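Naming convention: chains lettered A, B, ... in sequence-line order (proteins, then strands); numbering from 1 in each chain. Side chains included, hydrogens not; waters and symmetry mates left out as well; all remaining heavy atoms used. Bear in mind the structure is a predicted one, so any value in this text is a computation, not a measurement.
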Amino acid sequence: MRGDREAWPTTVDQAEAAERALRPLVDLSGRSPARVRTVAGLDVAYATGSERVAGAVVVLDATTLRPVDEAAVVGTAAFPYVPGLFAFRELPPLLDALERLTTTPDLLLCDGHGIAHPRRFGLACHLGARTGLPSVGVAKNRLVGDHEAPGPRRGDHADLLDADGTTLGRVLRTQDGIRPVHVSVGHAIGLAPAAEWVLRCSPRFRLPETTRLADQLSRRALRAATSGTGVSGW
DNA sequence: GCGACAG
DNA sequence: ATCTTGTCGC
């Protein structure tokens, strides 16, 4: 049902070692993709009393935001939730789902941070480095860094800074008067373009359509796997 | 020692 | 993340 995968880290030390090994593959030059025709959203859903997880990816036309491809997989959590090592928990199902896509997206919008991370290597960096695709981190909450409150209107934003004043990302208001999201670079894209894409993909709600649809699909897949065939009724 | 801590 | 439907409010 699924291709073999590399030995997955079991301990914090192993995960940090794997992180260091992947670091050289990330492109933080600021260069951005020339053409973005499709944007993908990825998310993982979890069950309550089990280790069951579901990963989903939904690809949207960058102009119409209409779905053009999608894939979902169900599996078992391979790593606990550890702030700073979140990628090792979500990567397995997400990489599996990406492999099942019939198309290759031009940009990845990830549900978590990119370089706005303790070691500047969040989930979006892992996904970008491993797939070679430009990636952006879109998180609902802060992990590291400080920032002023962005303006109240859609599009208003403030820099997310580390203790040295280095820019880690951007706190972006995607809807008037609604709590902002945290955008940070993952791989092969600049911060400004990254934020522009997040805004473009969020025409009506706080979160990008990519994230919303992937969230819905992952929950559906998890529920279907938990309740039998997935077909309604009996 | 006391908080903070993506999902 | 998840437990959870309808409901009050802009």
* Scan nucleotides 5-10 of chain C nucleotide by nucleotide, 5' to 3', and note B when protein non-hydrogen atoms come under 4.0 Å of the base, S if they reach only the sugar-phosphate, - if neither. => ------
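With a cutoff of under 4.0 Å to any heavy atom of chain A, the contacted region of DNA chain B is bounded 5' to 3' by dA4(B) to dG7(B).
With hydrogens and angles ignored, the 3.5 Å screen pairs no side-chain donor or acceptor of Thr210(A) with any backbone N or O of Ala40(A).
Nucleic acid contact for Leu42(A): none, since no nucleic acid atom lies under 4.0 Å from a heavy atom of the residue. Backbone-only engagement by Arg219(A) is indicated by non-hydrogen atom pairs under 4.0 Å involving sugar-phosphate atoms exclusively. Contacts of Tyr81(A) with the nucleic acid, taken as non-hydrogen atoms under 4.0 Å apart, include base atoms. Nucleic acid contact for Ala45(A): sugar-phosphate only, since backbone atoms but no base atoms lie under 4.0 Å from a heavy atom of the residue.
Residues Leu133(A) and Leu101(A) are members of one and the same hydrophobic cluster, defined by side-chain heavy-atom contacts under 4.5 angstrom among Ile, Leu, Val, Met, Phe, Trp and Tyr.
Taking the six-membered ring for Trp and the full ring otherwise, the centers of Phe88(A) and Trp8(A) sit less than 6.0 Å from each other. Aromatic ring centroids of His117(A) and Phe86(A) lie 6.0 Å or more apart.
Applying a 4.0 Å cut-off to non-hydrogen atoms, the residues of residues 137-153 of chain A that approach DNA chain B are Ala139(A), Lys140(A), Asn141(A), Arg142(A), Leu143(A), listed by residue number. Contacts of residues 112-123 of chain A with DNA chain B (heavy atom under 4.0 Å): Gly112(A), His113(A), His117(A), Gly122(A), Leu123(A). Within residues 164-199 of chain A, no residue has any heavy atom under 4.0 Å from DNA chain B.
If you measure from atom CZ of Arg89(A) to atom P of dA1(C), you get 12 Å, rounded to the nearest angstrom. In this structure, CZ of Arg223(A) is placed 18 Å from P of dA1(C), rounded to the nearest angstrom. When the P atom of dA1(C) is taken as reference, atom CD of Glu51(A) falls 17 Å away, rounded to whole Å.
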Please output the side-chain donor-acceptor pairs of residues 186-205 of chain A that fall under 3.5 Å, not counting sequence neighbours, one pair per line with the distance.
unit_1	atom_1	unit_2	atom_2	d
His187(A)	ND1	Asp27(A)	N	2.9
Ser202(A)	OG	Val198(A)	O	2.7

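Qualifying salt bridge (Lys or Arg N to Asp or Glu O under 4.0 Å) partners for Asp215(A), counting only residues two or more places apart in sequence or in other chains: Arg219(A). In this structure Tyr46(A) satisfies the ring-ring contact (aromatic ring centres under 6.0 Å, His included) test with no other residue, sequence neighbours excluded. For Arg89(A), there are no salt bridge (Lys or Arg N to Asp or Glu O under 4.0 Å) partners, not counting sequence neighbours.
Pairs engaging residues 134-158 of chain A under the side-chain hydrogen bond (donor to acceptor under 3.5 Å, both in side chains) rule: Asp111(A)-Lys140(A), Asn141(A)-Arg179(A), Arg153(A)-Asp176(A) [sequence neighbours left out].
When base pairs are accepted only as Watson-Crick or G-U wobble with both N-N or N-O distances under 3.5 Å, DNA chain C takes part in no stem of 3 or more pairs.
Under the 4.5 Å side-chain criterion, counting only non-hydrogen atoms from C-beta, Leu123(A) is not in contact with His113(A).
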* Bracket string, DNA chain B, 5' to 3' - pairs by Watson-Crick or G-U geometry under 3.5 Å, | interstrand -> .......
